[in-house]
Amino acid sequence: MAKLDKNFLWGGALAANQFEGGYDQGGKGLSVHDVMTAGEHGKAREITETIEDDKFYPNHDGIDFYNRYKEDIALFGEMGLKCLRTSIAWTRIFPNGDEAEPNEEGLQFYDNIIDELLKYNIEPVLTLSHFEMPLHLAREYGGFRNRKVVDYFVRFAETVFNRYKDKVKYWMTFNEINNQMDTSNPIFLWTNSGVTLAKDEDPEEVLYQVAHNELIASALAVSKGKEINPDFIIGNMISHVPIYPYSCNPNDIMEAEIANRLRFFFPDVQVRGYYPGYALKMFEKNGYDIKWQEGDDEILKNGTVEYIAFSYYMSTVVKHDEVTSVEDNVVNGGLPNSVKNPYIKESQWGWAIDPVGLRYTLNVLYNRYQLPLFIVENGFGTTDEFKEDGTIDDQERIDYLREHIKASIQAVDEDGVDLMGYTPWGIIDIVSFTTGEMKKRYGLIHVDRDNEGNGTLKRTKKNSFYWFNNVIKTNGEEL
Ligand code: BG6
């Protein structure tokens with residue numbers, strides 16, 4: 001008997017702001033990403049006030065999917081993808097976010113994309129907001145600090161749900177809604193929620209107010225979506241970087257238990273429909289005054305999600321009584337007491353490579369929530385070299401994906417986890433989110449573009465392209 005269901009959703013994952021380009025085409029407005037410069041490993045991206053002529057903004061052009069989508073989707077078809085997870089750029093539909101009417105050209109663009117995908121029998125899986133917010137809502141309204149932005153988000157969600165209701169079944173609300181828990185790097189609050197912090201503010205209190213508004217926005221979107229089409233399947237999307245205790249010292253165990261609340265806070269609310277006790281206690285102890293409106297309890301209860309989509313790239317470790325510099329640990333979620341795992345190697349960008357951690361994550365999430373799970377991001381960001389014969393032998397990427405797929409199959413076949421699908425991140429090379437680089441490549445298809453924006457944009461299939469095609473064909477039997 002096959003280990004995976006015959007309808008297992010093998011696919012690829014992308015995000016509008018990182019690959020579409022066309023930042024000023026088709027009536028699109030500026031998004032929070034359009035004012036982010038390129039950084040590199042160890043050098044943060046800058047968020048500029050306006051677009052400055054002497055700075056480079058890699059997301060403006062992405063990989064020019066906007067103008068090349070037919071060629072790219074044909075390649076996805078050839079790879080055998082059964083689904084494509086991508087996002088809708090909010091700024092194509094409501095360029096400033098607060099308009100009464102949507103931008104028809106933007107809606108038409110996604111009609112074209114969805115139709116093209118369906119032509120190749122590729123199921124569209126859409127994220128409503130993948131780190132995407134109109135710049136105007138961030139600057140003029142303070143992003144999700146402001147409850148009005150909840151209404152604008154729901155209007156956007158309703159518009160796209162209505163428009164694509166007969167073509168799209170799988171949706172998720174906010175990408176990696178929980179990665180903004182790491183307030184040590186300003187880009188996370190900015191890209192998730194359009195929020196910048198004033199000097200005298202308590203980042204944590206701001207974060208939980210923003211989180212509340214966003215949780216309400218997510219729940220309202222789920223309820224609206226189910227009203228518009230009861231057959232929609234709507235999930236949340238979280239980043240899961242499991243936090244291991246350093247040792248069996250009970251203090252390390254408790255340290256990890258508490259630290260993992262950073263990972264679980266958002267899904268606890270989105271799945272259960274109410275706040276967990278540890279969060280309410282923490283608000284009380286810290287004197288946080290999180291503003292709720294009448295009816296919020298009901299909204300959260302009625303808007304719970306039906307599946308959990310998550311990204312998994314790495315794991316991390318915490319040690320009781322260890323104080324490390326937050327800057328050193330940005331990769332590990334800014335945890336002030338995270339330490340290196342002596343059993344695990346890291347990528348060039350310092351991301352721990354831990355396939356067993358994926359099996360562990362699948363078990364932890366399934367046992368905690370008992371909902372279907374969907375791995376919508378997993379992958380290996382690294383540089384690629386062309387061989388003399390013009391091919392790219394990306395064995396390291398194949399090995400990474402193989403080991404993570406094996407671990408996922410074990411979770412299904414041995415642990416009984418309900419897993420809907422697997423979509424490797426950046427199925428085609430795109431702009432890196434954290435660094436804005438092109439050379440941190442995840443793709444199974446190479447794109448000729450460098451960190452400074454030079455290159456022909458030519459697409460080349462890597463060895464992993466053919467390997468993954470066979471994985472899909474054999475439904476994971478041949479890895
Ligand atoms: C996730 C995001 O955090 O990780 C993606 O949802 C991102 O947008 C991916 O690209 C990989 O991160 P990076 O920084 O290597 O591109």
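In what follows, residues are counted from 1 in the order of the sequence shown. Start at 1 and go down the list; that is how both ligands and their atoms are numbered.
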Can I get a per-line list of side-chain donor-acceptor pairs under 3.5 Å for residues 71-78, giving both atom names and the distance, sequence neighbours left out?
from	atom 1	to	atom 2	distance (Å)
Asp72	OD1	Arg459	NE	2.9
Asp72	OD2	Arg459	NH2	2.8
Glu78	OE2	Lys461	NZ	2.8

### Task
Enumerate the atoms of ligand 1 whose separation from the nearest heavy atom of Ser432 is less than 4.0 angstrom.
13 (P), 14 (O), 15 (O), 16 (O)

### Query
What salt bridge (charged side-chain N to carboxylate O under 4.0 Å, His left out) pairs are there with at least one residue in residues 210-222, not counting sequence neighbours?
none

### Query
Just which atoms of ligand 1 are under 4.0 Å from any heavy atom in Phe131?
2 (C), 6 (O), 8 (O)

### Nearest-contact summary for atom 10 (O) of ligand 1 - protein heavy atom, Å
Gln18 NE2, 2.9 Å

### Query
Any N or O of Trp351 that comes nearer than 3.5 Å to an N or O of ligand 1?
no

### Task
Would you indicate whether the side-chain heavy atoms of Val149 and Met133 approach each other to under 4.5 Å?
yes

### Task
Between Phe19, Phe433, Tyr442, flag the one that comes closest to atom 11 (C) of ligand 1 by a heavy atom.
Tyr442

### Message
A side-chain contact here means heavy atoms from C-beta on lying under 4.5 Å apart; do Phe374 and Met237 qualify?
### Response
no

### Query
What are the atoms of ligand 1, with element, lying closer than 4.0 Å to any heavy atom of Glu176?
1 (C), 2 (C), 3 (O), 6 (O)

### Query
With the threshold set at 4.0 Å, does a side-chain nitrogen-carboxylate oxygen contact exist between Asp34 and Lys28?
yes

### Query
Any salt bridge between Arg139 and Glu49, counting N to O under 4.0 Å?
yes

### Query
For Tyr313, is the nearest heavy atom under 4.0 Å from an atom of ligand 1?
yes

### Query
Would you call Lys440 and Glu437 a salt bridge, using N to O less than 4.0 angstrom?
no

### Task
Report the part of Asn179 (side chain from C-beta onward, or backbone N, CA, C, O) that has a heavy atom under 4.0 Å from ligand 1; answer both or neither where that applies.
neither

### Task
Just need the protein heavy atom nearest to atom 2 (C) of ligand 1, so name the residue and atom and give the distance.
Glu377 OE1, 3.3 Å

### Query
In terms of residue, atom name and distance, what is the protein heavy atom nearest to atom 14 (O) of ligand 1?
Thr434 OG1, 2.4 Å

